[in-house]
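In what follows, every chain begins at residue 1, and chains take the letters A, B, ... in the order their sequences are listed. Computation of the quantities below employed the complete heavy-atom set of this structure, encompassing side-chain atoms and omitting hydrogens, waters and symmetry-equivalent molecules. None of these values were measured; they are calculated from a predicted model.
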2 protein chains.
Amino acid sequence: MHQPDHLKNAGLKSTLPRLKVLNLFETSTERHMSAEDVYKILLNGGEDVGLATVYRVLTQFEQAGLLVRQHFENGKSVFELNKGDHHDHIVCLQCGHVEEFYDKAIEARQEKVTAELGFAIREHSLHIYADCINKKCPRKP
Amino acid sequence: MHQPDHLKNAGLKSTLPRLKVLNLFETSTERHMSAEDVYKILLNGGEDVGLATVYRVLTQFEQAGLLVRQHFENGKSVFELNKGDHHDHIVCLQCGHVEEFYDKAIEARQEKVTAELGFAIREHSLHIYADCINKKCPRKP
DNA sequence: ATGCAAATGATAATCGTTCTTATTTGCATT
DNA sequence: AATGCAAATAAGAACGATTATCATTTGCAT
Ligand SMILES: [Mn+2]
Ligand SMILES: [Mn+2]
Ligand SMILES: [Zn+2]
Ligand SMILES: [Zn+2]
């Protein structure tokens, strides 16, 4: 789907580390990954990159609009491929599984409430923390 | 409003640092303050406490239900007096001003959406980032 | 093939927060 | 009011996530 061109278009040279990181996001089953996640997965896959480079590249991809950054409550930034949409997140408190959702009614009410209070809305984050009733919830630490 | 008894009731000895911190939250015009905020305000007011103590006390107050912790996007924890309610936040991107709101419709939709996806909702955070149209928005750095 | 700006990666530094530990304090008991 | 002691404090070390520094390497236009 994404090709090296995407990097060029974003004004980024298509270097090995950047291609590795982009490829990981395109092929991984995990949509939401932290810098540490990316670093470890690449290392385990025999691809070695520097941790500092991973951080740098993730930020560049965010600025280029390739990735979107999320701030969950565990203190670390999590990134995901930019699908061009907007969605909110449900995070399982037991296994960390992340589910995405979009609710038109919620979005509309946010606009309304914010406008009524005299603000011009720019962005928002709605994070729901829950227990997934999934029988296979693996209770990841 | 709160008295030393509140500390005792929470199983906390009424020590000087704890009384200072509690009093600050009760009298400050700023409802939402970080550990660093509390520490600096007390110091400027001639009350000296250790920064580590501020962190410890804030966490204890949170556990005792006296304070509520918020995670905004700047990476630092922010605390506010527990009014016993639930509310969400609008943060001005220009001046940092925090406005509180509660919208029954949003809360209801969250329950519904989450249940439909097979989760049992525990908590959530909704943070709206906006520009306040306030003429006196002081554009704090 | 050559040159060079841009990118990398090892490491140091920073920031918010927590931990460690010697000292002090609240407070119940004489 | 003096004593005893568990609990709390404060200074600084330690920590985890992230960013900055800078010598070396790489992509890529010539
Ligand atoms: Mn997502
Ligand atoms: Mn609030
Ligand atoms: Zn789960
Ligand atoms: Zn403002």
Side-chain angles (χ1 to χ4, degrees), chain A residues 3-24 32-43 45-64 66-79 96 141, chain B residues 3-24 32-43 45-64 66-79 96 141:
Chain A
Q3 298 299 324
D5 323 350
H6 286 80
L7 295 179
K8 293 252 175 57
N9 295 343
L12 298 168
K13 283 208 279 203
S14 75
T15 65
L16 243 42
R18 297 214 259 240
L19 289 171
K20 287 173 184 172
V21 171
L22 187 52
N23 181 65
L24 174 57
H32 304 85
M33 291 181 281
S34 68
E36 192 75 24
D37 291 338
V38 170
Y39 177 67
K40 283 183 176 156
I41 292 173
L42 289 179
L43 245 63
E47 312 281 9
D48 61 301
V49 278
L51 179 55
T53 301
V54 170
Y55 274 103
R56 236 178 299 127
V57 168
L58 290 176
T59 299
Q60 291 162 344
F61 283 4
E62 182 196 11
Q63 287 163 349
L66 290 171
L67 296 181
V68 175
R69 183 193 301 253
Q70 304 293 338
H71 300 270
F72 295 139
E73 291 203 1
N74 58 106
K76 34 175 65 173
S77 287
V78 168
F79 298 81
Chain B
Q3 297 299 326
D5 325 351
H6 287 81
L7 294 178
K8 293 253 176 55
N9 296 344
L12 299 168
K13 284 208 278 203
S14 74
T15 66
L16 243 42
R18 297 214 259 239
L19 289 170
K20 287 173 185 170
V21 171
L22 187 51
N23 181 65
L24 175 58
H32 304 84
M33 290 181 281
S34 69
E36 194 73 24
D37 291 337
V38 169
Y39 177 66
K40 283 183 176 156
I41 292 173
L42 289 179
L43 246 62
E47 313 280 9
D48 61 297
V49 279
L51 178 56
T53 301
V54 170
Y55 274 103
R56 232 179 303 120
V57 167
L58 290 176
T59 300
Q60 290 163 344
F61 284 3
E62 183 196 11
Q63 286 163 349
L66 290 172
L67 296 180
V68 175
R69 183 193 301 252
Q70 304 293 339
H71 301 271
F72 294 138
E73 291 204 1
N74 58 105
K76 35 175 66 174
S77 287
V78 169
F79 298 82

Expressed in angstrom and rounded to an integer, what is the separation of A:His71 atom NE2 from C:dG16 atom P? 15 Å
Do you know which of A:Asp48, A:Leu42, A:Val49, A:Leu22 makes side-chain contact (heavy atoms from CB on, under 4.5 Å) with A:Pro17? A:Val49
Interatomic distance, A:Arg18 CZ vs C:dA6 P [rounded to whole Å]: 11 Å
Less than 4.5 Å apart, side chain to side chain, heavy atoms only: is that true for A:His71 and A:Ser77? yes
Distance, rounded to the nearest Å, where B:Lys40 contributes NZ and C:dG16 contributes C1': 12 Å
Looking at every heavy atom in both B:Leu24 and B:Met33, which two are closest together, and how far apart are they? CG-CE, 4.0 Å
Identify the two heavy atoms, one from A:Lys13 and one from A:Arg18, that lie closest to each other, and give their separation to 0.1 Å. O-NE, 3.0 Å
Please encode protein proximity along nucleotides 24-30 of chain D as a string of B, S and -, counting only heavy-atom distances under 4.0 Å. ---BS--
N/O to N/O distances under 3.5 Å, protein versus nucleotides 11-17 of chain D:
| residue | atom | partner | partner atom | Å |
| --- | --- | --- | --- | --- |
| D:dA17 | OP1 | A:Lys76 | NZ | 3.1 |

Atom CG of A:Leu22 and atom P of C:dA7: how far apart are they, to the nearest Å? 16 Å
Whichever of B:Pro17 and B:Thr59 has the more 5' nearest nucleotide on DNA chain C, that residue is B:Thr59
Quick one: look up who C:dT21 pairs with, Watson-Crick or G-U, both distances under 3.5 Å, and put none if it's unpaired. D:dA10
Evaluate the side-chain proximity of B:Leu12 to B:His6: yes if any heavy-atom separation is below 4.5 Å, no if none is. no
Please state how far atom CD in A:Glu47 lies from atom C1' in C:dT8, giving the value in whole angstrom units. 15 Å
Could you give the CD-to-P distance, from B:Glu73 to C:dG16, as a whole number of Å? 16 Å
Heavy-atom pair of closest approach, residues A:Leu19 and A:Ser14: CD1-O, 4.3 Å
Hey, which of A:Thr59, A:Val57, A:Leu58 is the one that makes side-chain contact (heavy atoms from CB on, under 4.5 Å) with A:Leu67? A:Leu58
Are the side chains of B:Leu7 and B:Phe61 in contact, using a 4.5 Å heavy-atom criterion? yes
Between CE of B:Met33 and C1' of C:dT17 the distance, given in whole Å, is 18 Å
State, yes or no, whether a side-chain contact exists between A:Asp37 and A:Phe79 at a heavy-atom distance under 4.5 Å. no
Using purine N1 to pyrimidine N3 plus N6-O4 or O6-N4 for Watson-Crick, or N1-O2 and O6-N3 for G-U wobble, both under 3.5 Å, which nucleotide pairs with D:dT30? C:dA1
Could you state the CD-P distance from A:Gln60 to C:dA6, rounded to the nearest angstrom? 13 Å
